[in-house]
> 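Below is one structure. I have some questions about it.
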Amino acid sequence: MRFKDQSVMEEFIIVLANRYDALYNESDDEEEMEPDMRSVKWSKIKEMYSSTCEEVLGKAKRERKAWMSEDTWKDAS
């Protein structure tokens, strides 16, 4: 769990804050936004979190486990 490491958490917060600032500076006030623009903004926020996680924490690696063990296969045969 890399996110429990204090330095990784701080790096994530800094990178995310920088991206949020860039997003906030390019957008208008939310009250003036049309519903379509809110959807676009929400998509940008989701992408911002996803890309920051992948950049700082890395891509998730899944370990595949055998569905049945060798002993079970032998017993079934």
> How far does CZ of Phe12 sit from OH of Tyr49, to the nearest 0.5 angstrom?
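The OH atom of Tyr49 is 6.5 Å from CZ of Phe12, to the nearest 0.5 Å.
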
> In Å, rounded to the nearest 0.5 Å, how long is the span from NZ of Lys59 to CD of Glu54?
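Rounded to the nearest 0.5 Å, the NZ-CD separation comes to 5.0 Å.
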
> With the side chain counted from C-beta on, respond yes when Glu11 and Glu55 share a heavy-atom pair under 4.5 Å apart, and no when they do not.
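Result no, sub-4.5 Å side-chain heavy-atom pair not found.
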
> Checking Glu47 now: which residues fulfil side chain to side chain contact (heavy atoms under 4.5 Å, CB included) with it, not counting sequence neighbours?
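Residues passing side chain to side chain contact (heavy atoms under 4.5 Å, CB included) with Glu47: Ser51.
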
> Output the distance between atom OG1 (Thr52) and atom CG (Asn18), rounded to the nearest 0.5 Å.
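The OG1 atom of Thr52 sits 9.5 Å away from the CG atom of Asn18.
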
> Cluster question for you: counting only ILVMFWY and a side-chain heavy-atom cut-off of under 4.5 Å, with indirect links fine, are Tyr20 and Val56 together?
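Both belong to a single hydrophobic cluster.
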
> Rounded to the nearest 0.5 Å, what's the gap from NZ on Lys41 to NZ on Lys44? Could you check?
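Result: 9.5 Å between the selected atoms.
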
> Could you tell me if Asp5 and Ser7 have a donor-acceptor pair between their side chains, going purely by distance under 3.5 Å?
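There is such a pair between these side chains.
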
> May I ask whether Ile45 and Leu16 are part of the same hydrophobic cluster, defined by side-chain heavy atoms of I, L, V, M, F, W, Y residues being less than 4.5 angstrom apart, directly or through others?
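Yes.
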
